[in-house]
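What follows is a set of notes on a single structure, which appears directly below.
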Amino acid sequence: MSIDIVEKTMATNMYSAHNLIKTFVRKGNCENCSSIVLLSSVMGVVGQPSRSLYSMSKGAMISYVQSAAIELASKNIRINCVSPGIVETEMTKKMFDTLLESQVEEIRKEHPLDFGTPQDVANACVFLLSERSRWITGTNLIVDGGYTAM
């Protein structure tokens, strides 16, 4: 991979999150008891062929959240991460359209609770943004239907 592709991937998946948080905190948009949730991916915690660059960028986000949680704690700002597995969206539908049905079924078997929905990911985010998670910061909540448990 060229350095340009690496830079573009890191800019999209990591630098943008850092810049967004930096801007929110500096502009005073995050008040005491604020909560931030970033979206990573299970690919940030597991290896898979042909995913090294994507995995690197998502793994960096998970590490970033851990350090940022310590840095922002003095401002009483919590920051966490949600790492979804395969979620049924238009993007995954397009990906599955390029595969044989037998390949899709093999991938499905790796997810004991089947593929997720956008609502499954949103529910995890709502929890981490809510007061019910007031003592959680610097964590990575994996929402993958059991994929990483396999």
[X] versus [Y]: any side-chain heavy-atom pair under 4.5 Å?
X      : Y     : result
Ser2   : Ile5  : yes
Leu72  : Ile21 : yes
Asp120 : Val87 : no

With sequence neighbours excluded, tell me which residues meet side chain to side chain donor-acceptor pair (under 3.5 Å) with Lys94. none
Which residues share a side chain to side chain donor-acceptor pair (under 3.5 Å) with Arg134, sequence neighbours left out: none
Return the [atom1] to [atom2] distance between [X] and [Y], rounded to the nearest 0.5 Å.
X      : Y      : atom1 : atom2 : value
Leu53  : Met1   : CG    : CE    : 5.0 Å
Ile36  : Thr137 : CD1   : OG1   : 9.0 Å
Met43  : Asp144 : CE    : CG    : 9.0 Å
Thr139 : Arg78  : OG1   : CZ    : 11.0 Å
Ile70  : Ile79  : CD1   : CD1   : 11.5 Å
Ser63  : Gln66  : OG    : CD    : 5.5 Å

Report yes or no: does Ser41 contribute a side-chain atom to a donor-acceptor pair with the main-chain N or O of Ser83 at less than 3.5 Å? no
If you group Ile, Leu, Val, Met, Phe, Trp and Tyr by side-chain heavy-atom gaps below 4.5 Å, do [X] and [Y] land in one group?
X      : Y      : value
Leu141 : Leu129 : yes
Val37  : Val65  : no
Met10  : Tyr54  : no
Leu39  : Ile62  : no
Val45  : Met61  : no

When clusters are formed from ILVMFWY side-chain contacts under 4.5 Å, directly or step by step, what else is grouped with Leu99? Ile86, Met95, Phe96, Val104, Ile107, Phe115
On a heavy-atom basis, the closest approach of Cys81 and Leu128 is O-CD1, 4.1 Å
Work out which heavy atom in Gln103 is nearest to a heavy atom in Leu100; give both atom names and the distance. OE1-N, 2.7 Å
So for atom CD, which belongs to Gln48, do other residues, nucleotides or ligands contribute more than 12 heavy atoms lying within a distance under 6.0 Å? yes
For the CD atom on Glu101, are there more than 12 heavy atoms of other groups (residues, nucleotides or ligands in this structure) within a distance under 6.0 Å? no
With Pro112 via side chain to side chain contact (heavy atoms under 4.5 Å, CB included) - residues at least two apart: Met150
State which residues pass side chain to side chain contact (heavy atoms under 4.5 Å, CB included) with Phe127; sequence neighbours excluded, sorted by chain then number. Ser130, Arg132, Ser133, Ile136
Can you list the steps and then say if Glu90 with Lys93 is a salt bridge (Lys or Arg N to Asp or Glu O under 4.0 Å)? CA-CA 5 Å; Glu90 286 300 314; Lys93 184 183 178 326; 6.0 Å; no
Distance-only donor-acceptor hits, side chain of residues 11-20, under 3.5 Å, sequence neighbours excluded:
residue: Thr12; atom: OG1; partner: Lys8; partner atom: O; Å: 2.9
residue: Asn13; atom: ND2; partner: Ser57; partner atom: OG; Å: 3.0
residue: Ser16; atom: OG; partner: Ala11; partner atom: O; Å: 3.4
residue: Ser16; atom: OG; partner: Thr12; partner atom: O; Å: 2.8
residue: His18; atom: ND1; partner: Tyr64; partner atom: OH; Å: 3.1
residue: Asn19; atom: ND2; partner: Tyr15; partner atom: O; Å: 3.3

